[in-house]
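The structure appears below as structure tokens.
In listed order, ligands and their atoms are each counted from 1.
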Amino acid sequence: MQSSTEKNLETPIFAPVPQREADVIGLYTCSEHSSAENFDDINSSNSVRAPTPEGFEDIHPQTVENKDGNVEARKILEIGDGFLLEDVPHLTDFIPDLPIYENPLQHNPSYSAVKQYFVDPDDTVKQDVVFKQGVSKGKFFRRAGAREKVYFKPEDVNACIVTCGGLCPGMNTVIREIVCGLSYMYNVRSVLGIEGGYRGFYARNTITLTSRFVNDIHKRGGTILAASRGGHDKKKIVDSIQDRGINQVYIIGGDGTQRGASVIFEEIQRRKLKVSVVGIPKTIDNDIAVIDKSFGFDSAVEEAQRAINAAHVESQSAENGIGVVKLMGRYSGFIAMYATLASRDVDCCLIPESSFYLEGPGGLFQFIKKRLKECNHMVIVVAEGAGQELMAKQSLENKDPSGNTQLRDVGMWLSQKIKDYFKKKVNMVITLKYIDPTYMIRAIPSNASDNIYCSLLAHSAVHGAMAGFTGFVCGPVNGRHAYIPFHRVINAQNNVVTTDRMWARLLSSTNQPGFLKPSKKEEEEAIETSDYFKSPNPHLPFEQTMETVNEIDNTD
Ligand SMILES: Nc1ncnc2c1ncn2[C@@H]1O[C@H](COP(=O)(O)OP(=O)(O)OP(=O)(O)O)[C@@H](O)[C@H]1O
Ligand SMILES: O=P(O)(O)OC[C@H]1O[C@](O)(CO)[C@@H](O)[C@@H]1O
Ligand SMILES: [Mg+2]
């Protein structure tokens with residue numbers, strides 16, 4: 001029997017009144033890597049008008065098979081004047097007659113006083129806030145936040161949380177805030193922790209997460225649930241979700257994890273299960289596309305200052321002292337760039353996006369020699385993915401269990417090369433200290449601002465799942481939290497744009513050269529030996545990473 005607050009969609013309780021006229025212009029069915037820059041890309045013949053409880057007139061998503069054989073669904077709507085809403089899936093897309101309920105937050109003393117606490121169903125977040133006169137189009141995402149109506153009764157929710165990939169400051173805070181958000185805001189009592197990443201769904205027992213159990217965990221680094229790489233088995237994972245009666249899945253992880261989450265979502269949709277799948281983007285490298293930045297990044301940049309300071313002290317206290325600090329950043333040098341800019345003690349910053357060379361005019365060795373003559377000491381920050389093409393004598397074949405290329409240790413290699421050069425070629429005494437704080441940085445708890453950010457992320461995730469959205473990641477876009485479809489974050493990567501203002505600021509702060517012309521010999525060696533730079537991220541085609549690079553201009 002239906003409760004007094006329980007209604008069926010057949011009895012509409014939402015006035016289907018978009019305040020703006022929302023024209024459905026069709027479904028985006030292009031190939032995996034294309035983008036709906038203009039309306040010609042969009043197949044308008046498939047449009048179906050149907051009112052939804054979420055404000056906009058909607059279309060039912062059409063599934064398309066991408067070249068990996070995975071099925072993807074995309075919903076794109078014109079919301080007037082050439083603006084596109086890149087919408088996220090909803091449970092009602094594949095289970096039409098779901099009951100809806102009043103949001104219990106209406107009666108929550110902390111929240112009910114807030115004027116307009118519930119997000120207007122028409123609210124969207126614009127991807128590009130810089131307005132260029134005469135250009136009147138843009139992409140929007142659904143604004144995150146609590147909705148007036150929800151698709152789960154609190155007592156029916158059986159949520160789970162899993163953490164995958166490498167560690168990152170703030171993972172425990174996100175876990176804590178999902179558990180507490182579900183409990184305090186929605187009176188949800190059943191939250192399971194899946195231990196050890198994706199394989200934990202089928203290879204480990206679950207642990208019960210209560211607000212009391214997670215109360216202090218944000219003060220600890222790492223993840224109380226443990227994480228892992230590899231082990232993604234779609235069938236086993238979705239079987240486990242189904243067998244355990246889980247109906248909300250919160251997946252905390254990086255680009256690989258979100259690819260895995262997207263596959264899980266597609267399978268859940270195929271089986272027509274009432275299960276919301278929500279991704280919470282995590283990566284210390286800050287390489288997730290679309291969102292402003294990933295949690296843990298600020299904490300990492302702050303902690304990196306300690307290593308840079310130590311390198312500075314060591315280098316200042318020796319004759320021709322050189323401090324080399326390696327920081328994380330597999331394909332994206334954001335930590336190195338921001339840590340360098342914050343410190344002001346760094347003389348040279350090397351990142352994967354900007355190739356460099358060692359010998360010859362304009363090379364790194366010449367710059368070091370000059371700087372030592374001028375100042376008697378220097379600090380070099382190198383991101384772990386920098387210079388890989390110089391080191392590789394054959395293609396990089398070692399992979400981790402997730403299929404990520406295992407990088408060579410550029411810090412050790414570079415330090416040795418510098419020592420050899422000054423000893424054998426210049427006969428100059430130098431004192432070089434190499435500091436690798438990478439795992440020490442990754443293991444710290446998140447700082448205050450990351451803690452707040454993690455809380456907002458977790459609450460956005462909880463509100464989205466309760467409102468019946470699924471197949472999305474949440475994150476800030478221009479400072480406003482939004483729901484972003486999986487395909488936007490798994491087919492692109494956030495990289496440092498070396499033609500952007502922020503990198504120019506870095507060059508101006510360090511005074512390092514642009515290392516633009518490799519010597520003939522090294523150029524030949526690099527071409528001969530490197531598959532790496534054909535595509536910096538083997539999960540993405542080269543053109544895709546370059547497209548991403550050209551798209552992003554967010555470093556004001
Ligand atoms: N294309 C994919 N399809 C399904 N599962 C995937 C895919 N790529 C990665 N995964 C799974 O996602 C999990 C995490 O992936 P990965 O090790 O690449 O870390 P990540 O999420 O990218 O995090 P980070 O790189 O920030 O440490 C692993 O369990 C892996 O098996
Ligand atoms: O050694 P692990 O745990 O496999 O992870 C290392 C990788 O994880 C990251 O921290 C995040 O992707 C990278 O910067 C780094 O290359
Ligand atoms: Mg990754």
As a test of reading the model: which N/O atoms of the protein lie under 3.5 Å from N/O atoms of ligand 2, and at what distance?
| residue | atom | partner | partner atom | Å |
| --- | --- | --- | --- | --- |
| ligand 2 | 1 (O) | Tyr439 | OH | 2.4 |
| ligand 2 | 3 (O) | Arg442 | NH1 | 3.4 |
| ligand 2 | 3 (O) | Arg442 | NH2 | 2.8 |
| ligand 2 | 4 (O) | Arg229 | NE | 3.0 |
| ligand 2 | 4 (O) | Arg229 | NH2 | 3.4 |
| ligand 2 | 5 (O) | Arg229 | NH2 | 2.9 |
| ligand 2 | 5 (O) | Arg442 | NH1 | 3.0 |
| ligand 2 | 8 (O) | Arg229 | NH2 | 3.1 |
| ligand 2 | 8 (O) | Arg442 | NH1 | 3.1 |
| ligand 2 | 10 (O) | Arg442 | NH1 | 3.1 |
| ligand 2 | 14 (O) | Asp285 | OD1 | 2.8 |
| ligand 2 | 14 (O) | Asp285 | OD2 | 3.0 |
| ligand 2 | 14 (O) | Glu384 | OE2 | 2.5 |
| ligand 2 | 16 (O) | Glu384 | OE1 | 3.0 |
| ligand 2 | 16 (O) | Glu384 | OE2 | 2.7 |

Option of least heavy-atom distance to [atom] (set: [options]):
atom	options	value
atom 23 (O) of ligand 1	His232, Gln258, Met328, Lys282	Lys282
atom 29 (O) of ligand 1	Gly230, Gly166, Cys168	Gly230
atom 10 (N) of ligand 1	Ser262, Gly260, Gly256	Gly256
atom 30 (C) of ligand 1	Ser402, Gly196, Ser228	Ser402

Relative to the heavy atoms of [X], which atoms of ligand 1 are at a distance of less than 4.0 Å?
X	answer
Arg259	1 (N), 2 (C), 7 (C)
Gly254	20 (P), 21 (O), 22 (O), 23 (O)
Thr283	26 (O)

> In a check of side chain to side chain contact (heavy atoms under 4.5 Å, CB included) between Cys348 and each of Thr340, Val324, Leu364, Thr510, which one passes?
Replying inline: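 When side chain to side chain contact (heavy atoms under 4.5 Å, CB included) is applied between Cys348 and each of Thr340, Val324, Leu364, Thr510, only Leu364 qualifies.
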> Of the options Glu314, Lys433, Met378, which is the one that meets Ile322 in a side chain to side chain contact (heavy atoms under 4.5 Å, CB included)?
Replying inline: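 Testing Ile322 for a side chain to side chain contact (heavy atoms under 4.5 Å, CB included) against Glu314, Lys433, Met378 leaves exactly one candidate, Met378.
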>> Is any side-chain heavy atom of Asn247 closer than 4.5 Å to one of Val157?
In response: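 In contact.
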> Got Asp347 and Ile380 here, is their nearest side-chain heavy-atom distance under 4.5 Å?
Replying inline: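 No, side chains not in contact.
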Compute the shortest N/O to N/O distance between [X] and ligand 1 and return yes if it is under 3.5 Å, no if not.
X	value
Thr257	yes
Gly165	no
Tyr198	no
Val263	no

>> Tell me whether Lys75 is salt-bridged to Asp93, with the criterion being a basic N under 4.0 Å from an acidic carboxylate O.
In response: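 Looking at Asp93 together with Lys75, the answer is yes, because their closest N to O distance falls below 4.0 Å.
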>> Under a 4.0 Å threshold between the charged nitrogen and the carboxylate oxygen, would Glu267 count as salt-bridged to Arg271?
In response: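 Salt bridge: yes.
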> Of all the N, O or S atoms in Asp255, which one sits nearest to the Mg ion (ligand 3)?
Replying inline: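 Minimum-distance N/O/S atom of Asp255 relative to the Mg ion (ligand 3) is OD1.
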> Counting only heavy atoms, which portion of Asn404 has something under 4.0 Å from ligand 1: side chain, backbone, both, or neither?
Replying inline: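 Contact part for Asn404 vs ligand 1: side chain (C-beta onward).
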Under 3.5 Å, side chain of [X] to main-chain N/O of [Y], donor-acceptor pair present?
X	Y	answer
Ser315	His312	yes
Ser332	Asn494	yes
Asn158	Arg244	yes

>> Pair Lys236, Asp243 - check salt bridge (charged side-chain N to carboxylate O under 4.0 Å, His left out), show working.
In response: CA-CA 10 Å; Lys236 286 185 182 170; Asp243 294 347; over 6 Å; no
> Do Phe297 and Tyr338 pass the ring-ring contact (aromatic ring centres under 6.0 Å, His included) test, and can you show the C-alpha distance, the side-chain angles, and the key distance before you say yes or no?
Replying inline: CA-CA 10 Å; Phe297 173 70; Tyr338 276 79; 5.5 Å; yes
> Can you find a side-chain donor-acceptor pair between Asp409 and Tyr434 that sits under 3.5 Å?
Replying inline: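 Their side chains do contain a donor-acceptor pair, which is all the 3.5 Å distance test asks for.
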> Is it true that Gly197 lies under 4.0 Å from ligand 1, counting heavy atoms only?
Replying inline: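 Contact absent.
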> Between Thr173 and Asn451, does a side chain to side chain donor-acceptor pair (under 3.5 Å) hold up when you go through it step by step?
Replying inline: CA-CA 6 Å; Thr173 314; Asn451 268 340; 2.8 Å; yes
